[in-house]
Each structure stands twice: as structure tokens, then as C-alpha cells.
Amino acid sequence: MPTQEPPSTPPKPAPAAGAVEYLSLPAAARLIAQVGVVECLRGLVEVLEQDFRRWNDFHKSARLAQHMPQGVIELMPIADAEHYAFKYVNGHPGNTRLGQPTVMAFGAIARMDTGAPEFICELTLGTALRTAATSVLAARHLARPDSRVMALIGNGSQSEFQALGFVGLLGIQTLRLYDRDPAATRKLVANLRGVGAAVELIECASAAEAVQGADIVTTLTADKTRATVLRGEWLEEGMHINAVGGDCPGKTELDAAILRRARVFVEFDPQTRIEGELQRMPADFAVTELWRVLTGQAPGRQGMLDITLFDSVGFALEDYSVMRHMQALGRAHGGLEALALIPALDDPKDLYSLIRAAETGT
């Protein structure tokens, strides 16, 4: 597994006036390969915990979503006293039939004092990283410390990142894998063996089989439907569940009996009530926001026999965290480009001077 080494090229200087730092998709892929997926996730988990611990510093809102039969397009904003950040992201389960990813994303960070953008970043890979890192962060505080077996139900684009995070950072030794598309499971197995992941891989014939003997169960399915991927009668005492795939209205993965049986933790309660597995539950159903566990204001796992559930829908704070993490890595490893996005004007009231300069070639 690659480890984070000193930069092979000197860090680039800060961009010139009018330029914005930019991390492209190819540059992000090279950066992640150079640092290593597990090391990227390790650093990101720490950044996420830092940001969740200062939860009350942020101005928060549920994401803005435009739903259509084919999928959803969303904007996810967040701000603190220094920065405003947002992500554009889609979720179109049918895209794979068109040769396109289910999820595509980009984001930006801007200064609050001037409004000037500082960083623009691909977030297709970034979303995969931050989702896996958030799962690891939650499980670190909610799963049993002796957890060694994880079921991965749904073996699509997110699965490698979840697998590598839990194996590399939480000591998972066995992965029990299921996807209704056997090709997806074969892809996951090939990718994990390709990076030399030290883990036992068991391909299962059903979700029920995958769950047998698991300490942690992670659901990562993509269909925009009220599915029951995981049934209550399959659960065993002491399990931890990461429910990742249910992330918009009308899209769920869990039997409601699981929520009634488990202690449920969420990112941002108002958003999860609309988009998460909580859609199945009454408005007064009790949950705990994860930041309260991280700051010691609420208990996480209270006993070895607890069943804990992290109802993860993805929240804008996590996108801010991954952007600032990737920006720092990009600076350290010389991976950022400069975009001429903002006017650099001799007279800030004379925007038209840009047109005159273009006409004259000066």
C-alpha cells in the first residue's frame, strides 16, 4: 500500500491575482495514487473529526435538490466565519447503462470576507473518499472495537473506498460481499486484490448470506426506490450498521424494524428526516447527531450487545472537509493548477477594460 512520502516536486507558489487553485479529476487520481487511498482516508478522517467537533461554528442547511424520474441534482452549501463552500452533485442510477457514472460532482471554497473563490475541486473521487471516511469515523465511535468481519451489500463505485477504509483503518479482516450484479462483485474483488489488500474476500449469493457472522454491515445500493436490502430478522446483537445508500426522498434500504431495534445516529437531523432511513419513522423518532458523540455530549455505543445504526445521507460539512484536505495534499505534492477565473483589474470598477484589452491584444 502506498504511503505518504515527502513531495516529489516542490509545492507550487500561491496563485497570482485573479487565479484560483484547481484540482482536476486526473490530478486528483494521481494525487490519491501517490499518497495511497488508505493514507488519504486516514488524513481525511482526522479532518472530518476536527470539523464535526466545531459543528456549532457552521451555518447549516439541508441540501437543495431537484428530483426527476431519472435521478436527482443537488447543491450542498455550508459556511463558517471564514469560508463558504458548496458541492454540485447528481445521483442517476441509470447512468451506468449510458456508460456514465451514477455520481458526478465538483465543488468550491470561497472567502467569506470578500466572496472570492479560492479553490475549485473535482468531487467525484472526493465524494467517494469523504463518504468512506465518514463511515469509518462513525464506526470508530459506534462499532464494537473487536469488529473484524464486515458485510458489503452493494459493490459498485463506492465499495472499494469503504473496503479499504475499514480494512486499513479499523482492522477489518474479512469482507463478505454481495451485489445483485455478480460482475460488480468480481470488479470489487479484482480491485482489492490489485492493491494487495490484506483481507479475506467471501463472495456471497444473497444479502442474507453476506450478513451472517458480520460485526459491521454496510449497505451501498443505488436504486432510487424504497427497497428492503437489509431485514430486521438478519441482525445479531452487537452489530453496527452503516446505511449509506438511502440518501434522497423515496430511496431507502432498511426494514423499519431495524430502526426500531437499533440506536440511531445521523449527520444533520433535519436533512436525514427527509432523505434517510428516517423516512420510515414518525417525526418524533429519537436519533443522535454524530457531532454530539464526538464532542462527548451524548453517548455512542453503550454496551457490547447494542445494535447501532449510522443513517448516513452525506452532508455538506463532509464536502468542505474533503476539499480542504485535498487542497492541502495538492499543495504539498504539487498537484494544483491555477485557473484564471476572477478579474484582475487596475480599476475594480472598470470591468469593461477586459473587453478592450481582448480587442487590442494587450
Side-chain angles (χ1 to χ4, degrees), residues 20 22-26 28-29 58-79 83-110 115 117-135 154 156-159 161-162 184 219-227 229 243-253 266-280 311-324 326-327 339 341:
V20 176
Y22 171 55
L23 183 65
S24 69
L25 180 62
F58 291 94
H59 303 277
K60 299 171 287 291
S61 63
R63 56 185 151 209
L64 306 174
Q66 182 64 51
H67 296 276
M68 67 286 293
Q70 300 91 336
V72 62
I73 294 175
E74 300 167 335
L75 289 178
M76 301 174 64
I78 197 161
H83 293 110
Y84 178 95
F86 77 88
K87 180 173 79 171
Y88 164 96
V89 63
N90 76 301
H92 285 68
N95 272 7
T96 54
R97 295 191 295 271
L98 306 174
Q100 296 181 342
T102 298
V103 174
M104 296 173 277
F106 66 89
I109 299 176
E118 290 189 327
F119 182 53
I120 295 177
C121 181
E122 82 76 34
L123 281 178
T124 305
L125 283 168
T127 295
L129 285 173
R130 69 85 151 134
T131 305
T134 304
S135 294
S157 296
Q158 172 65 204
S159 58
F161 299 89
Q162 295 275 342
T219 56
L220 299 165
T221 60
D223 280 354
K224 191 178 179 183
T225 184
R226 286 193 179 275
V229 174
V244 178
D247 58 1
C248 70
K251 181 182 177 187
T252 58
E253 297 181 304
V266 302
E267 292 141 314
F268 183 50
D269 183 290
Q271 180 174 302
T272 310
R273 299 271 175 190
I274 299 169
E275 300 177 350
E277 299 299 326
L278 294 186
Q279 295 174 66
R280 297 179 178 272
D311 187 0
S312 175
V313 299
F315 184 56
L317 176 59
E318 299 152 17
D319 301 307
Y320 170 65
S321 298
V322 74
M323 281 191 281
R324 73 184 190 92
M326 296 303 287
Q327 184 182 27
L339 286 183
L341 186 67

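The figures here come from the full heavy-atom set of this structure, side chains too, leaving out hydrogens, waters and symmetry mates. The structure presented is a predicted model; accordingly, all values stated were derived computationally and were not measured. Position 1 is the first residue of the sequence, and the numbers go up from there.
Minimum interatomic distance between Ala110 and Gly115 (heavy atoms only, all atoms of both residues): CB-O, 4.0 Å. Between Gly154 and Ser159, the shortest heavy-atom distance links the atoms O-CB, 3.9 Å. Heavy atoms only, all atoms of each residue included: Val244 and Ser135 are closest at CG2-OG, 3.9 Å. Between Met76 and Gly314 the shortest heavy-atom distance is CE-O, 3.7 Å. Contact between Pro101 and Asn95 at its shortest, heavy atoms only, is O-ND2, 2.9 Å. Nearest heavy atoms, Ala243 versus Glu277: CB-CG, 4.1 Å.
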### Task
Given side-chain contact (heavy atoms from CB on, under 4.5 Å), test Leu123 with Met323 step by step and report yes or no.
CA-CA 8 Å; Leu123 281 178; Met323 281 191 281; 3.9 Å; yes

### Task
Verify side-chain contact (heavy atoms from CB on, under 4.5 Å) between Ser312 and Glu267, making sure each step is shown before the conclusion.
CA-CA 7 Å; Ser312 175; Glu267 292 141 314; 3.4 Å; yes

### Task
Check the pair Gln279 / Thr252 against side chain to side chain donor-acceptor pair (under 3.5 Å), numbers first and verdict last.
CA-CA 8 Å; Gln279 295 174 66; Thr252 58; 6.0 Å; no

### Task
Check the pair His92, Met104 against side-chain contact (heavy atoms from CB on, under 4.5 Å), reporting the backbone distance first and the verdict last.
CA-CA 9 Å; His92 285 68; Met104 296 173 277; over 6 Å; no

#### Entry: side-chain contact (heavy atoms from CB on, under 4.5 Å) assessment of Leu125 paired with Met326
CA-CA 11 Å; Leu125 283 168; Met326 296 303 287; over 6 Å; no

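A donor-acceptor pair under 3.5 Å is absent between the side-chain atoms of Asn90 and the main chain of Ile73, judged by distance alone. Using a distance-only test at 3.5 Å, with no hydrogens or angles considered, a donor-acceptor pair links the side chain of Asp311 to the main chain of Leu278. A distance-only check finds no donor-acceptor pair linking the side chain of Asp247 to the backbone of Gly276 [under 3.5 Å]. Looking only at distances, a side-chain donor or acceptor of Glu318 sits under 3.5 Å from a matching main-chain atom of Phe315.
Atom CD of Gln66 is separated from atom CG of Leu75 by 10.5 Å, given to the nearest 0.5 angstrom. Here Gln271 contributes atom CD and Cys248 contributes atom SG; the two are 11.0 Å apart, rounded to the nearest 0.5 Å. Rounded to the nearest 0.5 Å, atoms CG (Leu23) and CD1 (Ile120) are 11.5 Å apart. A distance of 11.0 Å separates CZ in Phe106 from SG in Cys121, rounded to the nearest 0.5 Å.
When the options Lys251, Gln158, Glu253 are evaluated for a side chain to side chain donor-acceptor pair (under 3.5 Å) with Thr221, the one that passes is Glu253. With respect to Ile78, the side-chain contact (heavy atoms from CB on, under 4.5 Å) criterion is satisfied by exactly one of Phe268, Phe58, Tyr84: Phe58.
Between His83 and Tyr320, the ring-plane angle classifies as tilted under the 30° and 60° cut-offs.
Screening residues 83-109 for salt bridge (charged side-chain N to carboxylate O under 4.0 Å, His left out), with sequence neighbours left out, gives Lys87-Asp319.
At a threshold of 4.5 Å between non-hydrogen side-chain atoms, the residues Thr131 and Leu220 do not count as touching. The closest side-chain heavy-atom distance from Ser157 to Val103 is not below 4.5 Å. Looking at heavy atoms from C-beta onward, Arg63 lies out of side-chain contact with Ile274 at the 4.5 angstrom threshold.
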